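Being a predicted model, the structure only gives us computed values, none of them experimental. We count residues from 1, following the sequence as given.
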Amino acid sequence: MDLDRLNDKQRDAVEHLDGPMLILAGAGSGKTRVLTTKVAYLLQNRDISPRNILAITFTNKAAKEMKERIYGLLGREAFLIQISTFHSFGLKLLKENYEVLGYDNNFTIIDADDSLTVIKKIMKEQDIDANKFNPKAIKSSISDNKNEMVSVKEYEKFVYTEYDEVVYKVYDEYEKSLRRSNAIDFDDLLLLPIELFTKHPEILEKYQDIYRYVFIDEYQDTNKPQYLLSKLISSRLKNITVVGDNDQAIFTWRGADYKNILNFEKDYPNAKVVILDENYRSTKTILKAANNVIKNNKIRKEKNLWTENEEGSLITYFKAFDEKDESDYVVKETKKLLDQGINPDEICVLYRANAQSRNIEEAFLQNNISYRIVGSYAFYNRKEIKDLIAYLKLVHNEKDDVSLLRVINYPKRGIGNKSLENLAIISRTENKSLYESINSGKELEFKKIIEDLKREQDNMPLTDFVELVLNKSGIKDSLKSEKTLEADIRLENLEEFKSIVKNVEEADGIVSLGDFLDELSLVSDASENQVDTESKVTLMTMHAVKGLEFDYVFVIGVEEGLFPHLNSMNSEEELEEERRLAYVAITRARKKLYIVNSRSRLLYGKVSSNVPSRFISEIGDELLDEEKKQKLYENKKIDKEKMLVDNDLKPGDLIDHEKYGKGVVLNIDGSIATISFSKSGVKKLLKNHKAIKKVSI
C-alpha cells in the first residue's frame with residue numbers, strides 16, 4: 001500500500017499495528033484518512049480476516065463514509081468489516097444473544113418520544129402530578145442514571161427528596177413496563193451488552209476472539225457505557241486504537257466524558273501516542289485564532305495546530321447595534337459572496353442557541369436567499385410517519401404497549417379511555433402486555449386487524465406491505481376523507497415513506513420488517529437520510545456543525561451571556577467546554593471567518609445589553625479586522641418599510657404571490673408564514689411581504 005501521501009506523523013500512526021494507541025487528531029488534520037488507511041494497512045500486513053476488525057464511529061453518516069473510503073482502498077473486503085455506531089454494534093450483540101438476556105427475538109427499540117409517552121402513562125397511573133413533577137425532567141433523570149450505569153436498585157440508595165422518590169417509583173415501573181413490552185430504549189443498546197459481557201465471560205471471550213483489532217473514532221465523545229464496552233471488547237489483546245481531540249469535546253451535557261481520552265495513557269500505560277497537528281483545512285490566520293482561544297483552557301493535552309496553507313485574510317469582526325442589524329450585516333456580506341460566484345453550499349451561519357436563527361431566517365427570506373436549517377423538524381417525527389411506524393412495530397412485536405396505545409384508536413374506532421384503563425389494570429395485574437390483555441369489544445376488532453397483518457407480512461415485498469398497512473389500518477381512507485390541504489400533505493409524506501422503504505430494499509437488500517425497523521431505530525439524525533440537491537446557505541448551531549467544514553463561516557451572537565452561555569459562568573469546567581465550542585466553530589472555516597455580535601439583543605422575549613465575548617479578546621486584535629459602521633453602509637440600505645404591508649394573514653387564508661402564484665396559508669409563526677402553493681409546494685415567507693396578496697373566496 002502506498003503511504004507516500006501521508007505526512008510523517010500520519011504514517012507513524014498507520015504503521016503501528018499492535019497494542020494500544022492514542023491518535024490525538026486536531027481539527028482538519030486528516031484523521032479519517034489515517035483511520036481508514038490504518039485499517040486497510042492492517043489487513044494487508046496481518047494474517048487476519050476483515051471480520052476480525054471492529055470500527056466504531058458516532059454517526060451513521062461517518063460509518064458510511066469510513067466504509068466507502070476503505071472500499072476505495074481494498075474493494076469488497078470493506079463490507080466484511082464491522083463498521084458501525086456504538087448503538088448499531090450494541091443492537092448486533094443483542095440480536096445475537098437476546099435469549100441469554102431474557103428477550104424475545106422480535107424486541108423493539110423505543111425512541112425518546114416513546115420513552116416520554118411511557119413515563120407520562122406511568123405518572124398518570126401512579127397519580128403523580130405532572131404540573132409539579134415535569135415528565136421530561138423525570139425522563140432526563142432516568143436516562144442520566146442509566147448512562148451512569150445506576151440501576152433502579154442502586155438508585156434507591158440515593159433517594160433523599162420527594163423528587164428523588166418520584167424518579168425512583170417511575171424508574172422502577174418504567175423498566176418493568178419495557179420488559180412486559182419486550183422493548184428496550186436507546187440507553188439499553190449500550191447497557192445490555194455490558195450486562196451480557198459481565199455476567200457471561202464466555203460470551204465476552206467469544207467476541208474478543210472475533211474482534212481482535214478495535215478502532216474507536218471521536219473517543220472524546222464517549223460516555224461511561226461506551227467507554228466500558230470499548231474496554232471490555234479489547235481487554236484481552238489490547239489492540240485498541242482510539243482517535244479524537246480533547247479540544248473538540250463539546251457534548252458533556254449529553255453524557256460524554258472527555259476525561260476518557262485524557263486518561264487513555266493511564267488505562268494503557270504502554271500506549272503509543274501520535275499527535276496529528278498539521279491542518280489541511282484552514283488558513284494560517286484562522287488556525288492562529290483557534291490556537292489563541294483554546295490555549296486558555298487548563299484541562300487539555302498540549303497541541304498547536306499549524307498549516308502550510310496560505311496566510312489568508314484577517315477575521316472580519318462586526319459590532320451590530322441589535323439583532324436586526326446583525327442579520328442585515330450577514331445578508332449584505334452573504335450577497336457579496338454570492339455576487340462573486342461563491343456556491344451557497346460553501347457559506348454557513350453558526351449560532352449558540354436555536355432561537356437565534358429566527359432573525360437570520362427572516363432576513364434571508366426577505367432577500368430571496370435560499371437556506372437550509374440543519375436540525376430542523378425531522379421527517380420521522382411527523383405525526384403521520386410515527387403513526388405508520390407504530391403500526392409496523394406492533395405487527396412485528398405485539399407486546400409493544402407504546403405503539404399499541406398510539407394507534408389503537410387511530411383512526412377513530414370508538415375505543416375510549418375507560419376501555420384502555422381497564423386494559424392497563426389487567427396488564428399490570430397479570431403482568432402481560434396490553435395486546436395480550438385484549439379479549440372483547442372494539443379492541444378485539446383492532447386486534448384482528450393486527451393479526452391479519454401479521455399473517456401477511458412475509459408474503460409480499462416490504463413496500464407492498466407498507467401499502468397494505470396504510471389501507472387495512474384505515475389511515476389512508478381517513479386522511480382522504482378529510483379533504484384538507486394538511487391531509488394531502490400527510491398523504492404525500494406517507495408516499496415519501498414508501499419511497500424510503502423501497503430505497504432501503506434496493507440499496508441494502510433488507511426484506512424483513514424486523515431488519516427494516518432496526519435500521520429505522522438507529523437513525524439518530526433523520527437529516528442524514530434527507531437529500532437536498534439545491535445549493536443553499538446553511539444555518540446551524542455550533543454543536544451541530546461538528547465534523548463539517550465550509551469556505552465561509554459567520555459566527556453570530558458572540559457576546560458574554562450568550563456565548564459563552566450564561567449557564568457556564570459559575571463553572572470553570574463548563575466555561576472550558578464553551579471555549580472548546582468556540583474552537584470547533586472557528587476551525588469550521590476554510591478560507592474566511594466572520595465574527596458578529598450586537599450591543600443590544602431581543603431574545604426569549606427580553607432585551608439585554610451584552611458586552612463582547614471574552615473569546616474575541618482571546619483571539620487577539622492583530623488577527624481581527626473590525627468593520628466600521630460608516631464604511632459598511634456606504635451603499636443604500638434596503639428600505640424594509642417599502643417591502644412590507646399589513647396582510648393580516650391567518651391559517652386557511654387563500655393568497656396570490658407575485659412569483660409562486662396561488663396558495664393556502666398553513667401556519668403563522670411570528671412574522672413567518674408557511675404557505676402551500678399549488679405549483680411550487682410548501683414555502684416559508686414573510687407574512688407581510690408586499691408580494692403576497694390575500695384573495696377573497
Side-chain angles (χ1 to χ4, degrees), residues 91 94-95 98-126 139 142 152 169-189 191-192 386-410 413-458 469 472-473 512-514 516-518 520-521:
L91 177 60
L94 297 184
K95 297 291 276 188
Y98 61 88
E99 288 178 298
V100 178
L101 291 163
Y103 289 89
D104 297 332
N105 66 347
N106 61 338
F107 65 83
T108 50
I109 305 163
I110 66 170
D111 63 19
D113 289 341
D114 290 340
S115 292
L116 186 60
T117 299
V118 174
I119 286 166
K120 287 177 178 177
K121 175 176 172 285
I122 292 168
M123 291 176 68
K124 186 177 180 181
E125 290 170 352
Q126 296 186 354
K139 174 186 171 295
I142 291 172
V152 175
K169 286 180 180 177
V170 176
Y171 189 6
D172 186 34
E173 183 55 33
Y174 175 77
E175 295 291 273
K176 290 175 182 174
S177 176
L178 291 189
R179 278 284 179 174
R180 283 196 302 268
S181 299
N182 189 35
I184 61 176
D185 64 17
F186 240 59
D187 297 325
D188 292 328
L189 287 173
L191 296 177
L192 289 173
K386 288 186 75 74
D387 289 338
L388 173 56
I389 291 173
Y391 269 104
L392 296 175
K393 283 185 173 181
L394 194 57
V395 170
H396 178 62
N397 171 22
E398 68 277 4
K399 293 180 181 179
D400 186 344
D401 285 356
V402 176
S403 294
L404 181 140
L405 287 172
R406 182 176 185 96
V407 297
I408 192 170
N409 200 37
Y410 177 75
R413 296 186 177 88
I415 300 173
N417 290 336
K418 190 65 180 174
S419 298
L420 296 178
E421 287 170 12
N422 291 336
L423 270 184
I425 292 169
I426 297 170
S427 170
R428 289 197 305 275
T429 304
E430 300 183 9
N431 194 31
K432 57 187 184 182
S433 70
L434 293 172
Y435 190 88
E436 293 170 308
S437 305
I438 294 174
N439 55 27
S440 64
K442 292 177 180 175
E443 303 93 289
L444 203 53
E445 294 174 18
F446 170 76
K447 189 172 185 176
K448 184 179 182 305
I449 293 172
I450 302 301
E451 291 295 324
D452 289 346
L453 288 170
K454 286 175 78 69
R455 281 190 290 271
E456 294 290 339
Q457 65 175 310
D458 297 324
V469 171
K472 202 162 185 64
S473 65
S512 81
L513 177 58
F516 174 71
L517 290 172
D518 288 343
L520 212 56
S521 299

Checklist entry - Sub-3.5 Å donor-acceptor pair from the side chain of Asn422 to the main-chain atoms of Ser419, do we have one? => result no
Next on the checklist: Can you list everything that forms a side-chain hydrogen bond (donor to acceptor under 3.5 Å, both in side chains) with Glu451? Sequence neighbours excluded, please.
Outcome noted: Tyr435
Checklist entry - Counting only heavy atoms not in Lys124, do more than 12 fall under 6.0 Å of its NZ? => result no
Item to check | Exercise: identify the closest heavy-atom pair between Gly414 and Asn409 | outcome: N-OD1, 3.2 Å
Checklist entry - What are the two closest non-hydrogen atoms of Leu517 and Leu392, and how far apart are they? => result CD1-O, 3.7 Å
Next on the checklist: Regarding Arg428 and Glu125, does a basic nitrogen lie under 4.0 Å from an acidic carboxylate oxygen?
Outcome noted: yes
Next on the checklist: Assess whether a salt bridge exists between Arg455 and Asp452, defined as any Lys/Arg side-chain N lying under 4.0 Å from an Asp/Glu carboxylate O.
Outcome noted: yes
Item to check | Carboxylate-amine/guanidinium proximity below 4.0 Å for Asp113 and Arg406 | outcome: no
Checklist outcome for this item: Interatomic distance, CD1@Ile109 vs CG@Leu178, rounded to 0.5 Å, equals 12.0 Å
Item to check | Matching residue for Leu192 among Phe107, Tyr103, Tyr98 - test: side-chain contact (heavy atoms from CB on, under 4.5 Å) | outcome: Tyr103
Checklist outcome for this item: Given the options Val407, Asp400, Ile408, Val402, Leu404 meets side-chain contact (heavy atoms from CB on, under 4.5 Å) only with Ile408
Checklist entry - Once you round to the nearest 0.5 Å, how far does CD1 of Ile438 lie from CD1 of Ile415? => result 7.0 Å
Checklist outcome for this item: Value for CD1 (Ile119) from CE (Met123), rounded to nearest 0.5 Å, stands at 8.5 Å
Item to check | Under 3.5 Å: donor-acceptor pair, side chain of Asn397, backbone of Ser181 | outcome: yes
Checklist entry - Do any pairs count as a salt bridge (Lys or Arg N to Asp or Glu O under 4.0 Å) and have a residue in residues 432-447, sequence neighbours left out, and if so which ones? => result Glu430-Lys432
Checklist entry - Between Asn182 (side chain) and Asp104 (backbone), is there a donor-acceptor pair under 3.5 Å? => result yes
Item to check | Student check: side-chain heavy atoms of Lys448 and Leu444 closer than 4.5 Å | outcome: no
Checklist entry - Are any side-chain N or O atoms of Ser177 and backbone N or O atoms of Glu173, one a donor and one an acceptor, separated by less than 3.5 Å? => result no
Item to check | Taking every non-hydrogen atom, the tightest pair across Ser473 and Tyr391 | outcome: CB-CZ, 3.5 Å
Checklist entry - What heavy-atom pair brings Asp185 and Ser115 nearest, and what distance separates the two atoms? => result CB-OG, 4.0 Å
Item to check | Pairwise side-chain contact, Arg413 with Ile449, heavy-atom cut-off 4.5 Å (strictly under) | outcome: yes
Checklist entry - With sequence neighbours left out, what residues match Glu175 under side-chain hydrogen bond (donor to acceptor under 3.5 Å, both in side chains)? => result Lys146
Checklist entry - Roughly how far, to the nearest 0.5 Å, is the CD1 atom of Ile389 from the OG1 atom of Thr108? => result 12.5 Å
Next on the checklist: Please enumerate all residues that pass side-chain contact (heavy atoms from CB on, under 4.5 Å) together with Leu405, with sequence neighbours excluded.
Outcome noted: Lys121, Leu420, Leu434
Checklist entry - When rounded to the nearest 0.5 angstrom, what is the spacing between CG in Asp114 and OG in Ser403? => result 6.0 Å
Checklist entry - Of all residues at least two apart in sequence or in a different chain, which pass the side-chain hydrogen bond (donor to acceptor under 3.5 Å, both in side chains) check with Glu398? => result Lys454
Item to check | Nearest heavy atoms of Ser427 and Asp401, plus distance in Å | outcome: OG-OD2, 4.3 Å
Checklist entry - Lys386: what forms a side-chain hydrogen bond (donor to acceptor under 3.5 Å, both in side chains) with it, not counting sequence neighbours? => result Asp111
Checklist entry - Is the NZ or CZ atom of Arg179 both under 6.0 Å from the centre of the six-membered ring of Tyr174 and within 45° of that ring's axis? => result no
Checklist outcome for this item: Rounding to 0.5 Å, atoms CG (Leu189) and CG (Asp518) come to a distance of 9.0 Å
Next on the checklist: Using every non-hydrogen atom in the two residues, find where Val395 and Ile450 come nearest and quote the distance to one decimal.
Outcome noted: CA-CG2, 4.3 Å
